[in-house]
J.: 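Pasting a structure here, questions to come.
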Amino acid sequence: MDYDMQDSSNFSSSRYSRGSKRYQKDVEMESDNGVDDEEAEFLKGDNLDSQPSTNSRLLVRSMSKSLRNLKECEERGIDPEDFENEQHSRTRRLNNREESKRGDTKYEEIRIDPEKQKRNIEQVEILSNVISKLILRLSNFTSMYVGTKFFYEQYDTVMEMLNRFIYNENQSMILMSRSNTVLHQFISKIRDDLNAKLKEEDSECDVRTVRINSILTTKETAILNHFAECLGMDSVDKQGLSQEMKERMEDYFKQFPNIAVIFILENVEYYVENSKQSLLYKILDMLQYAKIKFAFIATSQRVDIIDSFEKRIKSRFSHRQILFYSEDLDTFKECIEDTIQNIGEYDETSEQGRQFLGSLHDFIMDSEYGCSKIFQKLFDKGKDYEFLCRTLKIALSHLNSTYHSDPDMIEHFEDNGGELFRKSLDYVDNLSTSNDFKTILSRMPEAYVVVLISAKNSFQNCMQEFFNFTLAYNEYKLFVRRNQGNIVRISKETFIKIFIDLVKKGFIKTKASTEAIISVNNKMGLGIEFEELSTMIRERVNSDKEISTLVRIFSENRSGDTSR
């Protein structure tokens with residue numbers, strides 16, 4: 001028994017001894033934080049017998065260390081768990097260094113090559129410069145190509161009318177498009193080209209352009225003052241809208257007989273909706289009264305804007321409506337290719353920059369990367385050139401940011417660039433199409449809502465298979481015939497224009513060309529699921545207090561039949 005106890009005692013003693021050595025080694029491998037004063041005081045004793053047991057010493061040391069760690073976490077404002085992970089990482093690094101010194105190459109540190117890093121950053125800067133040039137060109141896309149690559153028929157028509165205006169034949173016209181940018185850039189181009197033409201011909205005609213944007217102001221006095229300022233006349237007050245202004249205008253043009261006036265009223269729908277239109281009529285009347293050469297050009301994004309004009313103004317636009325809806329994807333791709341080639345040929349670009357430009361060309365144009373498919377999807381939804389350019393610019397910026405955040409990725413640009421660009425396009429596409437239909441519908445005028453309801457109801461009458469334009473228009477006429485109250489009246493011509501615009505916006509789906517959309521043989525469907533569209537229309541008509549009750553009935557009961 002004594003032998004067993006002695007043996008056991010010896011075993012414990014040797015184990016304690018070995019444990020002490022291992023413990024001592026662990027302490028040395030840990031942090032270089034020493035034992036604090038309180039712990040030292042606690043552990044201090046006269047002899048070995050008065051020292052606490054090994055377990056007690058470890059417990060006290062562990063508690064003391066935990067308190068120090070918590071205090072450090074509080075001072076640094078970090079989470080204790082993160083601090084613990086940090087300590088473990090530090091310990092691993094120390095172990096790796098020790099083993100590396102012993103010749104173990106398994107744990108060698110990854111060394112950063114400064115020269116390589118500098119070279120990658122320079123490459124990213126070159127790519128960034130190329131992308132910036134491309135984005136700048138895309139920002140001026142319409143101004144570069146309108147009237148040459150696209151909308152050249154509309155350009156020729158307007159320029160022909162302005163040429164007639166120069167030779168004493170007054171002109172009035174309205175330009176309509178879904179894109180305000182297209183109209184704005186088109187107006188700027190014809191103005192500049194007309195002035196250049198007159199200068200080249202050394203013409204004595206002094207063309208003064210009066211350009212007013214109705215979004216910025218609809219106040220008639222402000223418009224008239226700007227009109228007078230552009231002509232070089234003194235400003236006018238409210239009394240200037242009478243016969244006095246006509247006489248002043250006549251005297252002015254007698255004094256300067258070579259002056260001709262181009263009066264441009266952009267976004268005319270804002271003026272029409274917020275004024276009585278009296279000033280517009282008086283200005284046109286004044287110009288005619290003074291017997292001067294003038295051309296009046298209005299722009300609008302609403303295809304039914306003519307119906308909003310007063311009769312005496314509406315008559316001036318008979319057969320002078322110029323539409324900007326004829327866009328196709330092939331033309332857009334051709335212009336993009338031309339844009340990229342111009343950067344490579346005419347801009348100062350390094351050899352590496354031209355290589356990056358060639359790769360970007362492939363990413364955009366090559367079907368292998370799927371970008372063309374995304375463009376086609378957006379175009380089928382009715383998106384115009386400006387929207388496609390905006391999408392492309394955001395995707396390029398996103399790609400640029402990706403390489404700036406990790407310059408080392410530029411080493412594999414040929415391999416990962418196309419995939420990253422496609423993901424950037426997907427990101428922009430998902431971002432732009434989120435609630436897209438709902439947003440467009442929320443801004444639709446009442447006439448658009450009625451035409452859309454007509455299409456939806458005729459689709460429902462056809463057992464949700466297909467419908468055509470005639471069925472939709474007959475649905476609307478039946479609605480009008482059964483309800484003679486306060487309802488929106490839409491001429492057939494306007495109904496056709498709105499219907500085509502709804503096709504362009506993606507609410508109505510068809511594979512037919514624009515000319516064949518209204519054909520009785522053209523079968524069409526809805527661009528959105530029937531139930532989803534019905535819900536969206538219901539939310540739209542119920543949230544807008546200005547929508548008439550009869551339109552709400554039409555949206556729920558079909559054909560406006562209140563008995564159902």
J.: Which heavy atom of Leu194 sits nearest to which heavy atom of Asn163, and what is that distance?
T.: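 Nearest pair, atom of Leu194 first, then Asn163: CD1-OD1, 4.4 Å.
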J.: Please identify each residue that fulfils side-chain contact (heavy atoms from CB on, under 4.5 Å) with Ser397, with sequence neighbours left out.
T.: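 Testing Ser397 for side-chain contact (heavy atoms from CB on, under 4.5 Å), a comparison that skips the adjacent residues, returns Ile135.
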J.: Indicate yes or no: at least one non-hydrogen side-chain atom of Ile537 is less than 4.5 angstrom from one of Leu533.
T.: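 Of all side-chain heavy-atom pairs linking Leu533 with Ile537, at least one is under 4.5 Å.
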J.: Grab the two heavy atoms, one from Ser454 and one from Ala472, that are nearest each other, plus how far apart they are.
T.: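 Smallest interatomic distance, heavy atoms only, reads CB-O, 3.4 Å.
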J.: Of all heavy-atom pairs between Ile340 and His361, which one has the smallest distance, and what is that distance?
T.: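 Closest pair (atom of Ile340, atom of His361, distance): CD1-CA, 3.9 Å.
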J.: Does one side chain, of Ser359 or Glu414, offer a donor that lies under 3.5 Å from an acceptor on the other?
T.: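 Result is yes, a qualifying pair exists.
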J.: Mind checking what makes ring-ring contact (aromatic ring centres under 6.0 Å, His included) contact with Tyr403, not counting sequence neighbours?
T.: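 Listed in chain order: Phe413.
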J.: By side-chain hydrogen bond (donor to acceptor under 3.5 Å, both in side chains), which residues pair with Asn120, not counting sequence neighbours?
T.: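 Partners of Asn120 by the side-chain hydrogen bond (donor to acceptor under 3.5 Å, both in side chains) criterion, ordered by chain and then number, come out as Asp408, Glu411.
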J.: Can you tell me how far apart CG (Leu138) and CZ (Arg390) are? Round to the nearest 0.5 Å.
T.: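 Between Leu138 CG and Arg390 CZ, I get 12.0 Å after rounding to 0.5 Å.
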J.: Please examine the side chains of Gln185 and Phe141, heavy atoms only from C-beta on, and report whether any two atoms are closer than 4.5 Å.
T.: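 Side chain of Phe141 against side chain of Gln185, heavy atoms only: no contact under 4.5 Å found.
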J.: Do the non-hydrogen side-chain atoms of Ile262 and Arg191 ever get within less than 4.5 Å of each other?
T.: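 Side-chain contact under 4.5 Å: no.
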J.: Hey, are the side chains of Ser458 and Tyr473 touching, using non-hydrogen atoms and a 4.5 Å cut-off?
T.: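 They are not in contact (no side-chain heavy atoms under 4.5 Å apart), so the answer is no.
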J.: Please examine the side chains of Leu162 and Val207, heavy atoms only from C-beta on, and report whether any two atoms are closer than 4.5 Å.
T.: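 No; the side chains remain at least 4.5 Å from each other.
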J.: Please tabulate, for side-chain N and O atoms in residues 492-501, each donor-acceptor pair with protein atoms closer than 3.5 Å (sequence neighbours left out).
T.:
from: Thr494; atom 1: OG1; to: Asp307; atom 2: OD2; distance (Å): 2.8
from: Thr494; atom 1: OG1; to: Ser491; atom 2: OG; distance (Å): 3.0
from: Lys497; atom 1: NZ; to: Gln321; atom 2: OE1; distance (Å): 2.3
from: Asp501; atom 1: OD2; to: Tyr448; atom 2: OH; distance (Å): 2.8

J.: Do we see a donor-acceptor contact under 3.5 Å between the side chains of Asn457 and Asn461?
T.: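 There is no such pair (donor and acceptor under 3.5 Å, judged by atom type) between the side chains of Asn457 and Asn461.
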J.: For Ile126 and Ser350, which heavy atoms make the closest approach, and how far apart are they?
T.: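 Taking Ile126 first and Ser350 second, the nearest heavy atoms are CG2-OG, 4.0 Å.
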J.: Run Leu392 and Ile336 through side-chain contact (heavy atoms from CB on, under 4.5 Å) and show every step you take.
T.: CA-CA 10 Å; Leu392 194 52; Ile336 292 296; 4.0 Å; yes
J.: Would you say that Ile212 contacts Tyr271 through its side chain, given a criterion of any heavy-atom pair below 4.5 Å between the two side chains?
T.: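 They are not in contact (no side-chain heavy atoms under 4.5 Å apart), so the answer is no.
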J.: If I compare all heavy atoms of Cys230 with all of Val210, which pair ends up nearest, and what's the gap?
T.: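 Between these two residues, the closest heavy atoms are CB-CG2, 3.7 Å.
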J.: Got a sec: does the CD of Gln376 have more than 12 other heavy atoms crowding it under 6.0 Å?
T.: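 Counting neighbours around CD of Gln376, more than 12 heavy atoms of other residues, nucleotides or ligands fall under 6.0 Å, so yes.
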J.: Rounded to the nearest 0.5 Å, how far does CZ of Arg538 lie from OG of Ser543?
T.: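 So the gap between those two atoms works out to 12.5 Å.
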J.: Please name all residues satisfying side-chain hydrogen bond (donor to acceptor under 3.5 Å, both in side chains) with Thr331, sequence neighbours left out, ordered by chain then number.
T.: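 Testing Thr331 for side-chain hydrogen bond (donor to acceptor under 3.5 Å, both in side chains), a comparison that skips the adjacent residues, returns Asp328.
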J.: Under the ring-ring contact (aromatic ring centres under 6.0 Å, His included) rule, collect the residues that match up with Tyr155, sequence neighbours excluded.
T.: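 Residues passing ring-ring contact (aromatic ring centres under 6.0 Å, His included) with Tyr155: none at all.
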J.: Can you see which heavy atom on Asn213 is nearest to which on Ile215, and at what distance?
T.: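 Smallest interatomic distance, heavy atoms only, reads OD1-N, 3.0 Å.
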J.: Could you tell me whether Glu115 and Lys118 make a salt bridge, using a distance below 4.0 angstrom between a side-chain N and a carboxylate O?
T.: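 A salt bridge is absent here (no side-chain N lies under 4.0 Å from a carboxylate O).
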J.: Might you confirm whether atom NZ of Lys423 has over 12 heavy atoms from other residues, nucleotides or ligands at distances under 6.0 Å?
T.: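 Count not over threshold, so no.
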J.: Only counting residues at least two apart or in another chain, list the ones meeting side-chain hydrogen bond (donor to acceptor under 3.5 Å, both in side chains) with Tyr385.
T.: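 Scan of Tyr385 (side-chain hydrogen bond (donor to acceptor under 3.5 Å, both in side chains), adjacent residues dropped) gives none.
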J.: Could you go through the side-chain contact (heavy atoms from CB on, under 4.5 Å) check for Thr339 and Tyr145 one step at a time?
T.: CA-CA 10 Å; Thr339 299; Tyr145 297 114; 2.9 Å; yes
J.: Could you check whether any side-chain heavy atom of Phe363 comes within less than 4.5 Å of a side-chain heavy atom of Leu420, counting everything from C-beta outward?
T.: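 No. Closest side-chain heavy atoms not under 4.5 Å.
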J.: Pick out which of Ile410, Leu357, Leu399 makes a side-chain contact (heavy atoms from CB on, under 4.5 Å) with Leu127.
T.: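 Option passing the side-chain contact (heavy atoms from CB on, under 4.5 Å) with Leu127: Ile410.
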J.: Salt bridge (charged side-chain N to carboxylate O under 4.0 Å, His left out), that's the test. Do Arg354 and Glu351 meet it? Break it down for me.
T.: CA-CA 5 Å; Arg354 283 192 288 273; Glu351 180 63 31; 3.1 Å; yes
J.: With His404, which residues qualify under side-chain contact (heavy atoms from CB on, under 4.5 Å), at least two apart?
T.: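 With neighbours one apart ignored, the set is Val124, Glu125, Ser128, Asn400.
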J.: Would you confirm whether Asn416, through its side chain, and Met409, through its main-chain N or O, come within 3.5 Å as a donor-acceptor pair?
T.: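 Here the side-chain-to-backbone pair exists.
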J.: Going by side-chain contact (heavy atoms from CB on, under 4.5 Å), name the residues that satisfy it together with Asp384, two or more places apart in sequence or in a different chain.
T.: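 side-chain contact (heavy atoms from CB on, under 4.5 Å) list for Asp384, sorted by chain: Arg178, Ser179, Glu327, Glu386, Phe387.
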J.: Rounded to the nearest 0.5 Å, how far does CG of Leu396 lie from CD1 of Ile364?
T.: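 Answer for the CD1-CG pair, Ile364 versus Leu396, is 5.5 Å.
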J.: Would you call Glu200-Lys197 a salt bridge at under 4.0 Å N-O?
T.: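 Answer for the salt bridge query: no.
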J.: About how many Å separate OG1 of Thr142 and CZ of Phe151, when rounded to the nearest 0.5 Å?
T.: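 If we round to the nearest 0.5 Å, Phe151:CZ and Thr142:OG1 are 8.0 Å apart.
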J.: Answer yes or no: is there a donor N or O on one side and an acceptor on the other, between the side chain of Arg540 and the main chain of Met444, under 3.5 Å?
T.: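 Yes.
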J.: Given side chains that start at C-beta, do those of Phe165 and Met161 come closer than 4.5 Å, heavy atoms only?
T.: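 Result no, sub-4.5 Å side-chain heavy-atom pair not found.
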J.: Measuring from atom CG of Asp366 to atom OG of Ser372, what distance do you get when rounded to the nearest 0.5 angstrom?
T.: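 Here the interatomic distance stands at 7.5 Å.
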J.: Indicate yes or no for a side-chain donor-acceptor contact from Gln154 to the backbone of Gly147 under 3.5 Å, with no hydrogens or angles considered.
T.: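 No; judged by distance alone, with no hydrogens or angles, the pair does not exist.
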J.: Determine whether a donor-acceptor pair (N or O, by modelled atom type, separation under 3.5 Å) exists between the side chain of Asn522 and the backbone of Ile518.
T.: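 No.
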J.: I need the single residue from Glu273, Glu446, Glu269 that forms a salt bridge (Lys or Arg N to Asp or Glu O under 4.0 Å) with Arg302. Which is it?
T.: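 Testing Arg302 for a salt bridge (Lys or Arg N to Asp or Glu O under 4.0 Å) against Glu273, Glu446, Glu269 leaves exactly one candidate, Glu273.
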J.: Restricting to ring-ring contact (aromatic ring centres under 6.0 Å, His included), what partner residues turn up for Phe467, sequence neighbours left out?
T.: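 Here no residue qualifies.
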J.: Would you please name every residue forming a side-chain contact (heavy atoms from CB on, under 4.5 Å) with Glu539, sequence neighbours left out?
T.: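 Glu539 satisfies side-chain contact (heavy atoms from CB on, under 4.5 Å) with Lys438, Thr535 only.
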J.: Ring centres under 6.0 Å, that's the criterion: do Phe379 and Phe375 meet it?
T.: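 So the answer is no for these two rings.
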J.: Mind telling me whether Phe530 and Phe459 have parallel, tilted or perpendicular rings, with 30° and 60° as the class edges?
T.: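 Aromatic pair Phe459/Phe530 classed tilted.
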J.: To the nearest 0.5 Å, tell me how far Glu266 CD sits from Gln301 CD.
T.: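 Between atom CD of Glu266 and atom CD of Gln301 there are 11.0 Å.
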J.: Does the His226 side chain pair with the main chain of Arg211, one donor and one acceptor, at a distance under 3.5 Å?
T.: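 Yes; at least one donor-acceptor contact below 3.5 Å.
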J.: What residues, two or more places apart in sequence or in another chain, satisfy side-chain hydrogen bond (donor to acceptor under 3.5 Å, both in side chains) together with Asn180?
T.: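 Checked Asn180 against side-chain hydrogen bond (donor to acceptor under 3.5 Å, both in side chains); matches are Asn267.
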J.: Pick from Phe186, Phe150, Tyr152: which one makes a ring-ring contact (aromatic ring centres under 6.0 Å, His included) with Phe324?
T.: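 Going through the options one by one, the only one that passes is Phe186.
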